[in-house]
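For ligands, and for the atoms within them, numbers begin at 1 and follow the listed sequence.
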Amino acid sequence: MVRQEPSFRESVDLMFNRAAALMDLPPGLEEKIRVCNATYTVRFGVRLRGQIQTFTGYRAVHSEHMEPVKGGIRFALSVNQDEVEALAALMTYKCALIDAPFGGSKGGLCIDPRQYEEHELERITRRFAYELAKRDLINPSQNVPAPDMGTGEREMAWIADQYARMNTTDINALACVTGKPLNAGGIYGRVEATGRGVQYALREFFRHPEDVAKAQLSGKLDGKRVIVQGLGNVGYHAAKFLSEEDGATITGIIERDGALFDPEGLDVDAVHNWIARHGGVTGYPDATHTAEGAAVLEEECDILIPAALEGVINLTNAHRIKAPLIIEAANGPVTAGADEILQQKGTVIIPDMYANAGGVTVSYFEWVKNLSHIRFGRMQRRQEEARHQLVVDQLESLSAALGKTWSPTPDFKQKYLRGADELELVRSGLDDAMREAYQTMRVLWHEREDVKDLRTSAYLVSIDKVARSYRAKGL
Ligand code: NAD
């Protein structure tokens, strides 16, 4: 009999159930945590090109154990209720795991954004934002969206402006959405945050030789062969940082129109620029192109980074995946069935709810910045520099008193004397969040006999935190 693939939401529920079976939760509470609290469907018309076009959008609220609830807005033709509910559930678990004080939500609009002019997209986005905001499904204290597939800074700026126009006296209006451009209330480091988080997650994984050995790998990130699917916001930044800063070799890049492969390593920026100019990877001159993109997921490599969409590693191809380590930069790229097959093969999977949590972590910092109305580091930076200068002056006069010349390494003074700016603080906070969360997961993975994989431990950690928070409310 052919095994049926569950839907995305069912897949998330199956993984939840697998972890919940190892916990001692009252059955009612388990059900309360698992189900999606509410999903709002909106259909609205916008007059475009001389006629009214009707669009369908969703905003799902999975869990309100903490408010506001948080989660991106996706623009794609494939958006549907099942998908936004699955993604909203993942947001609940992700925020709990990473200690971002939010419940989980997600939104989506059924649209192919590439089919519209910028001014048309602005009208559609503003209208969608209006429909959500008037029901408090966009609100700084109740529901705070962010970018996801098909949306970015531009859309977030339109949403923030739309909310501000509807709430003219709300002093915290900018905190109604995150992922905004810097000049519209954004924060340094948000655009790159999810890809940066993938890099920090891998760095932390490679700090633990026992974990690396479980993936039948050894050594550090340097020289590891990496295949990335999707060179969008998340995939591009992850591939760029891993190749430029950690010495990894990007051997394959898979896009909508096929894949590029070069065992010597692809130039991530050159490919990215090519896609921006030509709309795809086809024709890129410095690598082998194959039209059968998805087949490259099955090529030999050390690390596979699916960073495009869900369900790409499924019952049909899981047994052919050769990568010993998969880091789920996208949400839900491995179905529940594929997850079982890969586990049996010994593949280590760094799960989505952890791997792509960098975005919501920096979104949390942006939301706090908007509510405090001051950029991070503004009060301390010069004071920090002055104190460091005192230490350097003292060292210099001490060595002079001893008749010696103090000669630190050339960049010591430049690095030590400079007070941290917002970008450095954001990176430090993100690195801390990624390290801490990984450590909580790995403890269970290593200590509990019945926890065989990082995904189950991630669920255990997050379900436990959500359960505690419901219990604290008396539920
Ligand atoms: P994006 O729209 O910027 O990029 C997606 C990329 O995937 C595009 O380059 C697109 O051409 C490519 N793609 C689409 N279909 C493909 C296919 N069939 N095969 C190969 N490539 C394909 O989106 P993004 O923001 O980078 O999001 C990617 C994934 O990461 C999604 O699952 C999203 O939910 C998840 N994610 C994003 C963020 C964020 O901050 N943007 C945060 C957490 C998780």
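- A distance-only check finds no donor-acceptor pair linking the side chain of Lys106 to the backbone of Leu87 [under 3.5 Å].
- At a cut-off of 3.5 Å, with distance as the only test, no side-chain donor of Thr92 or Ser63 sits close to an acceptor on the other residue.
- In this structure, Phe44 has its ring center no closer than 6.0 Å to that of Tyr130.
- Ring pair Phe102/Tyr364 is perpendicular by interplanar angle, where above 60° counts as perpendicular and below 30° as parallel.
- For the pair Arg196 and Phe241, the cation sits on the ring face: its NZ or CZ lies under 6.0 Å from the ring centre, inside 45° of the axis.
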### Task
List the steps, then state whether salt bridge (Lys or Arg N to Asp or Glu O under 4.0 Å) holds for Asp246 with Lys220.
CA-CA 9 Å; Asp246 297 287; Lys220 299 276 165 209; over 6 Å; no
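- Closer than 4.0 angstrom to ligand 1 lie heavy atoms from Arg74, Asp148, Met149, Gly150, Arg190, Thr194, Gln229, Gly230, Leu231, Gly232, Asn233, Val234, Ile254, Glu255, Arg256, Ala307, Ala308, Leu309, Ala329, Ala330, Asn331, Asn356.
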